[in-house]
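Just below is one structure, and these are the notes that go with it.
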Amino acid sequence: MLDIQLIKNEPDFVKQAMLNKGEKDTSVVDLLIETDRKWREMVQRADQLRSQSNSMAKDIGKLMGQGKKDEAQKIIEQTGAMKAEIKQLEEAEKELSAERTSLLLRIPNVPHESVPVGHTEEDNQTVFTHGDTSAPEWLKPHWDFCAEKGWIDFERGVKVSGAGFPFYLGGAARLQRALINYFIDTAIGKGYTELQAPYMVNEDSARGTGQIPDKEDMMYTVPRDQFFLIPTAEVPVTNFHRNEIFEHSELPVQYVCYTPCWRREAGSYGKDVRGLNRLHQFDKVELVKFVKPSESYNALEQLREDAEYLLKELGISYRRLLMCTGDMGFTQTKKYDLEAWSPGQKRWLEVSSCSNFEGFQARRMMVRFRDENGKIETLHTLNGSGLALPRVMATILEQYQTPEGRLTVPEVLKPYFGGVSYLD
RNA sequence: GGAGAGAUGGCUGAGUGGUCGAAAGCGGCACCCUGCUAAGGUGUUAUACCCUUCCCGGGUAUCGAGGGUUCGAAUCCCUCUCUCUCCGCCA
């Protein structure tokens, strides 16, 4: 959520940001400001009354201690009406506070000034392209290639779980495991701390990163135990520090975390879901940073650079998009997408998304730091995939095919294959 | 899964209805003392929110969470969560 001060001080600025993000109705801003005003008024009245009541109770205590029961009794008689009034005010306060919070949660994050204003993916800027995007005729889409090799079993996945839950076997399984290790090892080398996290989280955590109340439909649930299966490692990793205060000397804190991810992906069908393009369960290595506000945009570029490094080293052709205001999502201020070239499908596949959230997540989760002057401030959070496995797999399974139907092991992965050069 | 014990500030740990946001110790920070080191002295040291706002300051809430009793709750009652010990089970 945004800082309420910003909304109160510059409502028009916030409204314009909402419009740029594609929200049509900005009336929530005025509604919030008005609700906030009413809430503060109620808080003041309730606090004042409680203060009175507290001092009366203290007086009673004093008189009782001195054995002046009659005088005490007189004061007690005065407290009756007050009690009822406090209760009433507290209820009103609670209601207004809930209303205020829910309005606040409906206002999206404000895009950074360097982000292009736009409405659709047409308006995203392709800021960088790396590698060639040729597509030899003999090259097969990864699903056909893997079917021949017996490397991915979608049918048995359907039998055992359902669509979107494939089995990987043999070379594909080994390739995926190697990639995971390569991603994690590289991140560790760049100063990230490896974290292994729970795959199920409780309601508070889902709320902390904003999956609920808004996006509950994206997650699988375990109703009996009130767990949510994580849709991304961002959820457990960011919540890891929920309600905590860092010392400025501890920042930045950077994690790399591999987890499977589960997404219901309700309503997505068609050619987009062919093969490994879109799954209900997939693996991802996530990079998460907690940084001082003054450093977050540098940290974003570094994060993006760290993710791109993996693609470059793997020899994968990719492009980098700077997402426009309308295509970037509710919580981000600036976001880059990295898309790998899939020569078998002749299309780009999103393999990473690197975002700065500024204080949007941290404020909601109460993650703060004590600055050089001892003042407590909201810090900034960032995250990005480094990388999402299935689409990287798809790309490699296509780009590294040989005309003889073998798969070349990418150079940087060879250490994970005992020096083997081809997978058959 | 069964039985019992417990949850207090950064940590240890007192506190069983009244001036308790909470003793004491440790740790942290500031200053003083000290030739250096070690030790010592004084003070300070939770978080959120509201008001004020240059600073200072004032108020409210919080002793695992939520509810209740009471003029008044860390303290009494109810529900939940978590931790520990023993038994059972188990990778």
Side-chain angles (χ1 to χ4, degrees), chain A residues 1-9 32-105 196 198-208 212 222-228 236 239-251 253 260 359-379:
Chain A
M1 60 189 185
L2 283 177
D3 185 353
I4 183 98
Q5 294 307 331
L6 175 72
I7 299 169
K8 285 200 305 200
N9 295 341
L32 170 63
I33 291 172
E34 177 58 14
T35 306
D36 177 70
R37 193 188 58 72
K38 285 194 218 156
W39 169 75
R40 281 183 294 120
E41 194 181 299
M42 202 57 74
V43 165
Q44 281 174 53
R45 285 171 61 192
D47 279 2
Q48 195 186 6
L49 213 56
R50 269 189 294 248
S51 174
Q52 269 178 46
S53 152
N54 284 346
S55 76
M56 282 161 97
K58 272 181 189 170
D59 290 345
I60 293 168
K62 240 180 251 177
L63 291 169
M64 296 291 240
Q66 296 165 359
K68 298 177 181 166
K69 292 226 169 81
D70 292 348
E71 285 181 47
Q73 192 54 42
K74 269 186 208 159
I75 303 177
I76 289 174
E77 277 158 22
Q78 292 170 27
T79 57
M82 208 170 193
K83 242 187 122 179
E85 200 183 343
I86 289 178
K87 196 155 196 169
Q88 217 176 359
L89 288 177
E90 276 177 349
E91 263 162 44
E93 182 190 336
K94 218 166 160 180
E95 217 168 284
L96 283 167
S97 165
E99 174 71 5
R100 175 182 178 269
T101 306
S102 96
L103 290 171
L104 196 48
L105 292 177
Q196 293 182 347
Y199 298 163
M200 291 190 266
V201 297
N202 60 30
E203 221 177 283
D204 284 345
S205 298
R207 189 169 293 111
I212 53 176
V222 184
R224 180 166 175 172
D225 299 288
Q226 297 183 298
F227 285 133
F228 297 88
N239 275 284
F240 185 59
H241 290 298
R242 169 151 47 91
N243 252 311
E244 292 184 11
I245 301 173
F246 288 95
E247 293 302 324
H248 64 89
S249 56
E250 294 175 301
L251 300 175
V253 169
F360 200 78
Q361 289 182 326
R363 208 167 289 116
R364 175 195 274 236
M365 274 192 290
M366 297 272 287
V367 190
R368 296 146 292 164
F369 78 105
R370 217 182 302 273
D371 70 14
E372 287 79 353
N373 302 314
K375 200 171 151 244
I376 289 168
E377 284 185 64
T378 301
L379 51 68

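Residue numbering restarts at 1 for every chain, and letters A, B, ... go by the order of the sequence lines.
For B:C71 and B:C82, the C1' atoms lie 34 Å apart once the distance is rounded to whole Å. The separation of B:C29 from B:U37, taken at their P atoms, amounts to 16 Å, rounded to a whole angstrom. B:G67 and B:U12: their C1' atoms are spaced 32 Å apart (whole Å).
Base pairing of B:U85: its partner is B:A3, meeting the Watson-Crick or G-U wobble criterion (both donor-acceptor distances under 3.5 Å). Pairing for B:G25 goes to B:C11, judged as Watson-Crick or G-U wobble with the two contacts each under 3.5 Å.
Between B:C71, B:G67, B:U47, one nucleotide has an atom nearer to the side chain of A:Lys94 than all others, and that is B:G67.
When A:Glu90, A:Lys83, A:Met82 are each tested for a side chain to side chain contact (heavy atoms under 4.5 Å, CB included) with A:Leu49, only one passes: A:Met82.
Shown here for A:Pro236 and A:Pro198, the closest heavy-atom pair between the two residues is CG-O, 3.7 Å. Minimum heavy-atom separation, A:Arg242 to A:Val367: CA-CG2, 4.1 Å.
Between A:Glu247 atom CD and B:C29 atom C1' the separation is 11 Å, expressed in whole Å. Residue A:Met56 contributes atom CE, which lies 12 Å from atom P of B:C71 at whole-angstrom precision. Remark: P of B:G58 and CZ of A:Arg50 are 19 Å apart, rounded to the nearest angstrom. The CZ-C1' distance, from A:Arg370 to B:A48, rounds to 14 Å in whole Å. Between A:Gln78 atom CD and B:C71 atom P there is a gap of 14 Å when expressed in whole angstrom units. Rounded to an integer number of Å, the gap from CD1 of A:Ile376 to P of B:A46 is 10 Å. As rounded to whole Å, 17 Å separates atom P of B:A61 from atom CD of A:Glu91. Straight-line distance from the CG atom of A:Asp47 to the P atom of B:A61: 7 Å, rounded to whole Å.
Within 4.0 Å of A:Ile75, counting heavy atoms only, lies no atom of the nucleic acid at all. A:Met366 comes within contact range of the sugar-phosphate backbone alone, with a heavy-atom separation under 4.0 Å but no base atom that close.
Nearer to the 5' terminus of RNA chain B, by closest-nucleotide assignment, is the contact made by A:Gln44 (compared with the other of A:Gln44 and A:Ser51). Nearest-nucleotide assignment on RNA chain B puts the 5′-proximal partner with A:Arg368, out of A:Arg368 and A:Gln52.
The phosphate of B:G72 (OP1 or OP2) has no side-chain N or O of A:Lys62 nearer than 4.0 angstrom. At least one side-chain nitrogen or oxygen of A:Asn54 sits closer than 4.0 Å to the OP1 or OP2 atom of B:A61. Between B:C49 and A:Arg40, no contact under 4.0 Å exists linking OP1 or OP2 to a side-chain N or O. Phosphate contact (OP1/OP2 of B:C71, side-chain N/O of A:Lys83, threshold under 4.0 Å): present. A sub-4.0 Å separation between OP1 or OP2 of B:C51 and a side-chain N or O of A:Arg45 is absent.
Contact of the A:Phe360 side chain with the A:Leu2 side chain is registered, since non-hydrogen atoms from C-beta on lie closer than 4.5 Å.
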